[in-house]
Amino acid sequence: MPAFADADPVQVLDVGGADVNGGYRPIFADSRYEYRTVDIEPGEGVDIVLDDPYVLPLQDDSVDVVLSGQMLEHCEFFWLTFAEMVRVLKPTGLLILIAPSAGPIHRYPVDCYRFYPDAYHALAKWTGCQAIEVFHDERGPWNDLVGVFSKEPLDLPVPVPVKPSTAPVDVLRATEAEEATRGAESYLEVLQHLHDAMSPRLYLEIGVRHGRSLALATGTAIGVDPDPDVRVELPPTTTVWSMTSDEFFASAAEDALPEPVELAFIDGMHHFEYALRDFMNVERRTRPGGLIVIDDIFPGHPAQAERQRRTQAWTGDVWKLHAILEEYRPDLVLLPVDTHPTGLLLVAGANQTNRRLWELYNPIVRRFGEDMEPPAERLARTGVLPPSSSVVTEALRLCADRSLPRPQLIARLRTLQKSAGSS
C-alpha cells in the first residue's frame, strides 16, 4: 500500500469539488479521511473558496491524495493548476485526475479543452512527476481520461483480481412459480446446432462455468471466465483465459483473437451493463457474417430478473440488452429463440466500426440502470422463434456464407424476419 495509507487522518483535497452533478465526498465518508474541497466560487460542498484560481492555499507536501474530476476542461490555464496540485502533494501521495476527451460544449463558466493520453504524460514531464497510470475510456459521451500521478516512484502492489463469491445462493425464499422455466429445446442443443451449421473458424465464449457449452467447439475456441470450474474434457484447440471479460478485452484480446470471431456466446455476469460491454467488445472483433448469441434474455418470472440473486434460475437483468439493441442498434438483426431454460438471442449483422453503443454507453446505463421488471411480452416470450424454425435454419445458412456482403446478409435476414412475423 502507498505510505499514506497509514496516515491518521488521510488528507484528501478535491480541486474543483463543488457538488454540481454529484461529487466524490461519499467515497471518503470514513472518519479516517479528512476530505476538503476547493473551488473558485462558493457552492454546494465547497470548503475553501480560492482567492486566486491558480494558487492553492496549502503548504508544500501537505496532502496525501489530490483529486480533480471534470474540472480541467473548464480551467483556462490548466497547467498552472496541475503544477499547484503537484506542489501540495506529499512525496508519498497520489494525484488522481479525470477529464473528458470528447463530449459537447458545457461551459462552467467556460469549456476550453479535451484531453488525450499524451496530454497527461506531457503534464507529468513538465512538472517532473510520475505518470503511474493513464487510462482512456472509450465509452461516451465524454470518453474520460483518467490519470494517476505521484511525485516519486512508488512501490505499489500488483493488483490481485477479485474472484466472484462462491458462497451458496440463498434460494429459501424462491417459490415454485419463481423458479419456473420453459423452452422448446435445451440451449446446449441449439448451440450444438449453431456450431454444426456454421463451423466457425474462431469461437469465443464469455462465461465458461463448467465448460459444457465451450466443449461443443471443434475449431479454435477461446473461453473467458474469472473463475472457471471446468468439469468436462475440452478439445485441444480450446484455450481458457482465467480473467474477467473486461480484463481480457483490455489486455489479452489482441493476441488471443488473431482473426475475426465467427461465433460468440455471451453468458457472463448477469447484469445488463456487463453484458452490454461484452457485446460491444465482441462485436468489434466479429466478422460481418458472424453470429453473436446472448443467453438469459427471457426470465421465467420477475424474481429471476432481479439484480440480486435469490433464485436458482437466475437471468439477472440481461433481458434489458435485448431492449437496448432493439432501440439503439436497428441495423442489427435480432432473432429470439425459444430455448430452455431462459432463451437465446441470435444477433446477426455485426459491424466492427459502429460506435453508437460506445458513444452512448453511459447514458444508456443510467437510463436502464433503474429498477424495472421485465415487460409482460418478455415473460411471455412474445415473438420467439422455435429452434426448428426454417427462419433459424436459413439465417444460419446465410451467416455461414463467408462470401455474402453485409448489406445483402441484412436484407435477406430482414426478409426472413418479415416472413416469420418476428421483431
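Keep in mind that this is a model prediction, so the values were computed, not measured. The figures that follow rest on heavy atoms only: side chains count, while hydrogens, waters and symmetry mates do not.
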Check: L334 and Q417: which non-hydrogen atoms are nearest, and at how many Å?
Finding: O-NE2, 3.0 Å
Check: Going by an N to O cut-off under 4.0 Å, is there a salt bridge joining E283 and R329?
Finding: yes
Margin query: For K320, is there an ion pair with E370 - N to carboxylate O distance below 4.0 angstrom?
Written below: no
Margin query: Would the distance check show the side chain of S389 and the main-chain N or O of L385 forming a donor-acceptor pair, the cut-off being under 3.5 Å?
Written below: no
Item checked: H195-Y203 aromatic ring centre distance below 6.0 Å -> yes
Check: Any chance CZ of R381 has more than 12 other-residue heavy atoms, nucleotides or ligands included, within less than 6.0 Å?
Finding: yes
Checklist line | Between W126 and H121, ring centroids under 6.0 Å | finding: no
Note to self: Closer than 3.5 angstrom, by distance alone: can the side chain of R406 be matched with the main-chain N or O of A350 as a donor-acceptor pair?
What the structure shows: yes
Check: Is atom CD of E377 surrounded by more than 12 heavy atoms (other residues, nucleotides or ligands) closer than 6.0 Å?
Finding: yes
Next item on the list: State, without any angle test, whether D246 and T244 hold a side-chain donor-acceptor pair at a distance under 3.5 Å.
Entry: no
Notebook entry, point to check: Is there side-chain contact between F135 and D144, with at least one heavy-atom pair below 4.5 Å?
Noted result: no
Next item on the list: Verify the neighbour count for atom CD of E259: are there more than 12 heavy atoms of other residues, nucleotides or ligands below 6.0 Å?
Entry: yes
Check: Are the charged groups of R355 and E138 less than 4.0 angstrom apart, N to O?
Finding: yes
Next item on the list: Could you tell me whether a side-chain N or O of R139 sits under 3.5 Å from a main-chain N or O of W358, the two making a donor and an acceptor?
Entry: no
Notebook entry, point to check: Are the side chain of T220 and the backbone N or O of T237 linked by a donor-acceptor pair below 3.5 Å?
Noted result: no
Notebook entry, point to check: Is any side-chain N of the basic residue among D19 and R25 closer than 4.0 Å to the acidic one's carboxylate O?
Noted result: no
Item checked: Heavy-atom donor-acceptor pair, H340 side chain to R182 backbone, under 3.5 Å -> no
Check: Is it the case that more than 12 heavy atoms not belonging to Y274 sit under 6.0 Å from its OH atom?
Finding: no
Checklist line | Side-chain donor or acceptor of E179 paired with backbone N/O of Q312 under 3.5 Å | finding: yes
Notebook entry, point to check: Mind checking whether F368 and F272 have parallel, tilted or perpendicular rings, split at 30° and 60°?
Noted result: tilted
Notebook entry, point to check: Between T175 (side chain) and E178 (backbone), is there a donor-acceptor pair under 3.5 Å?
Noted result: yes
Item checked: Test: K90 and D64 ion pair at under 4.0 Å -> yes
Note to self: Can you tell whether the side chains of E326 and R378 come within less than 4.0 Å, N to carboxylate O?
What the structure shows: yes
Check: With under 30° as parallel and over 60° as perpendicular, where do the rings of H270 and W314 fit, or are they tilted in between?
Finding: tilted
Item checked: Any donor-acceptor pair under 3.5 Å from Q130 side chain to E152 backbone -> no
Notebook entry, point to check: Under 3.5 Å, is there a donor-acceptor pair linking the side chains of E205 and S213?
Noted result: yes
Notebook entry, point to check: Between the side chain of T37 and the main-chain N/O of G45, is any donor-acceptor distance below 3.5 Å?
Noted result: yes
Next item on the list: Measure from the side-chain N and O atoms of D296 to the backbone N and O of V318, and report whether any donor-acceptor pair falls under 3.5 Å.
Entry: no
Check: Salt bridge check: are R277 and E273 linked by an N-O gap of less than 4.0 Å?
Finding: no
Notebook entry, point to check: Looking at Y113, F115, Y120, F149, which hits ring pair (Phe, Tyr, Trp, His ring centres under 6.0 Å) with F82?
Noted result: F149
Next item on the list: Could you tell me whether E73 and R107 make a salt bridge, using a distance below 4.0 angstrom between a side-chain N and a carboxylate O?
Entry: no
Next item on the list: Inspect the surroundings of CG in D30 and state if more than 12 heavy atoms from other residues, nucleotides or ligands are less than 6.0 Å away.
Entry: yes
Check: Between L346 and L291, what is the shortest heavy-atom contact and its length?
Finding: CB-CD1, 4.2 Å
Item checked: Within the 6.0 Å centroid threshold, strictly below: Y35 and Y24 -> no
Note to self: Can you tell me how the ring of H136 sits relative to the ring of Y116, calling it parallel under 30°, perpendicular over 60° and tilted otherwise?
What the structure shows: perpendicular
